[in-house]
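This report refers to the structure that appears directly beneath it.
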Amino acid sequence: MDQTQKIIWTNDFKIGIDDVDLQHEYFVFLINRLIDELKISDDTAYKHRFLEELCLYAAFHFTSEENLMMKTGFPGLKAHKLLHRYLLSNLNDRINYYRLSRESEKEIIRFLIDWFTRHTLEEDRLFGQFMCETSNPKR
Amino acid sequence: MTQTAQSIFIISDNRKSGLLAEILSGQGYCLFHASPKDDISTLVNHAGPDLVLIDIERSIRSGIKICRSLKREKISKAIPVIITAMLPDLQDKEDAFKAGCSDFITKPFSFAEVIVRIKNSLLIRKNMESLEQVVDIQTKQLKAEKERFSKLFLSSPDATCLIRLPDRCMIDLNPSFEIMFGYSKEKCVGRGFDELNLFADSQIKEVMFDLQGSQKPVRDFEGRAIRACGEIFDVSVSSDAATIDEESCLIAIIRDISARKASEKERKVLEDQLQQAHKLESIGTLAGGIAHDFNNILSVIIGYTQLAMLHIKNDRETCGKLEQALAASSRAKDLVSQILMFCRKETRELKPLNVQIIAKEVLKFLRSSFPSTIKIKQDIAPDCDMILADPTQIHQVIMNICTNAFHAMKQSGGTLDVSLKQVELSDPPAAGLVYLKPGQYIRIQVSDTGSGIPKDTLHRIFEPYYTTRPKGEGTGLGLAVVHGIVTGLKGGITVESDPGKKTMFQLFFPVVPPLEKKSPEEILTVLPRGNERILFVDDDPILVEVNQMQLEAFGYTVTGVSDSLTALEFFRKDPDGFDLVITDMTMPDMTGDVLAGKILEIRPEIPIILATGYSEKINPERAEAKGIRGYLNKPFLQRHLAFKIRELLDQN
């Protein structure tokens, strides 16, 4: 199995909240771009900065998602926040490891793909269901 | 010097962040790890780290809480805390800094960033510590120095004050200042130095504040100062400029030297007195020597004048002229005897006497001879002890002083005040009486309200021939004689004069010690006695009789002869009939020393006592050279004779 295989965005990834789905789609786009950039470029500084861009987008997305959860009174917010922090911390560590050449590009990509598929498809979907149940009548 | 590795205490729930730890230990830090669930406070206090790093993913709040509790405890208070967090709220950051954390690192971060931040916090902490240490040491040193100087300032016996130069305002002063000048600190501080009238000599202030001009500190400038009560005293002022609290100031140190000045003055007076005494003594010695020669010359003049008068008995006119010469000679003789009295060369018999009786006699006489313009006041204590003196000398002393007083008041009139009292002289004696031993004295105080004696001549009045009176009115010997007599009696004399107002003489005579006050009978009983045979020779038959009686009373067998030739005959007839010979020196036909020589030719070992008045021809040394073993100055006291007789007889 090719470990650097890109994610192909499908409607199955959608959790039913437009804002979140949009960000998720863009995150997939970023991961796919990372796969390309890492392959194409041999500019280490650029690679580091691109990882940073991805990391910052993740942080932006998490904050955005948490704010929405806060606004809608999602009961799983606390647990979800922890998860976000764990993920981000992990990514942060990995980037630092990568910069010290102690982590490979493949490992980072595998972590990102794994993160996206599991987190988005499993954890975020709970929020989508909650939104669906509570906000549909309001919307 | 090996430095101990700095230690970092990491509190983390992120089991995977081993890399940060690894990198930190690679930087040489010593690391401690703990989980948020541990007893952080105890662990931190036990480890005593240089920095605490809180990296709790699970909850930023719990990290802030830990930080707050660490900052609350005394031991961990100073340890810097760094908190790392992901996706922190602005509120979280605010709270973290409020809790006392020194740095807040937001993820995503780079490891290098964390290391630098840790380094910075550690550096700040280290610098703070060393700064605190330096401040601590300097504070201690400053405190010690301040204490030392304030002690010096506060306990200095010299009045010390600090004056601000531009406006001369008193800034500070020490307790000695308050005591010396009598102004309280509260009253002086804040006031202008010139408002306090501290110095009697304006020059002191000029010198004190002239520092800018001379650029030199003032040292021991002497002058007079004024206390709050108005008393003026001597001070020595030192001052120097100093910059205190960025203000130009003057430090003034004022020393009270009044005690030193007083003792200096006293010493000067004593020195003057001593010098005066030496001067009088040497004048006395000189005058005495001249007087004796002069006396001899006078004897020749008188003798030959008398002889000449015998030759020209019938030439009444020439006789009359010679009589004038004779009268002048006898006046000269009187003068000589006065000089001798001053020189204390004349031996007089001293006996215990009551001065008050003599004083009363003199005053009685003066009352009748003074004009009515001069009043006499007297205050004579009746029950004084006796003094050892010659009554005629005492008479002369009081007379001389009172006569002087009369002369001072002759023109204007006034009051003569004479008091006599027994006083105790303490040790050390009052000024002017340096030579007197402490003890009981009779004090005669004579004061007049006459013209007084000017200060510049006061010290000369006891000199012989010093007089202010017109020629012919005084000999200039009066006070010199008084001085000679008084000091000869181991007494003292002082004079004080306020020109134009009054003059006061004080005479002091030592009272007779109790032992000497025994009655003559008592003295006789304790005098040595004997039963030997004595040949007594004197040309004065009365003296022969008196002494014979006296010696017989002592138990001796006495042969008295009033003629030296007869005496020699007596001795030649029975040389072994006598154990001792007493002979007068001055005798017609054969003098005492010649008689003694002839007797010694007959019996060389016989003891002989030669009695003599003041004589140039013979003295103890010369007598001894001739083999005369005993020598007595006339007039002699009976007890002197009694002791001398035994002394010689007991030698045999």
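Residue numbering restarts at 1 for every chain, and letters A, B, ... go by the order of the sequence lines.
Residue A:Leu88 touches chain B through both its backbone and its side chain, counting heavy-atom pairs closer than 4.5 Å. Contacts between A:Glu66 and chain B at a heavy-atom distance below 4.5 Å involve the side chain alone, from C-beta outward.
The closest side-chain donor-acceptor pair between A:Asp19 and A:Gln23, if any, does not fall under 3.5 angstrom. A:His119 and A:Asp114 form no side-chain donor-acceptor contact under 3.5 Å, judged by distance and modelled atom types alone.
Smallest separation of non-hydrogen atoms from B:Ile82 and B:Ser102: CG1-OG, 4.5 Å.
A salt bridge does not link A:Asp36 with A:Arg33: every distance from a Lys NZ or Arg NE/NH1/NH2 to an Asp or Glu carboxylate oxygen is 4.0 Å or more.
Note on A:Lys81, A:Arg99, A:Arg85: by heavy-atom pairs under 4.5 Å with chain B, the leading option is A:Arg85.
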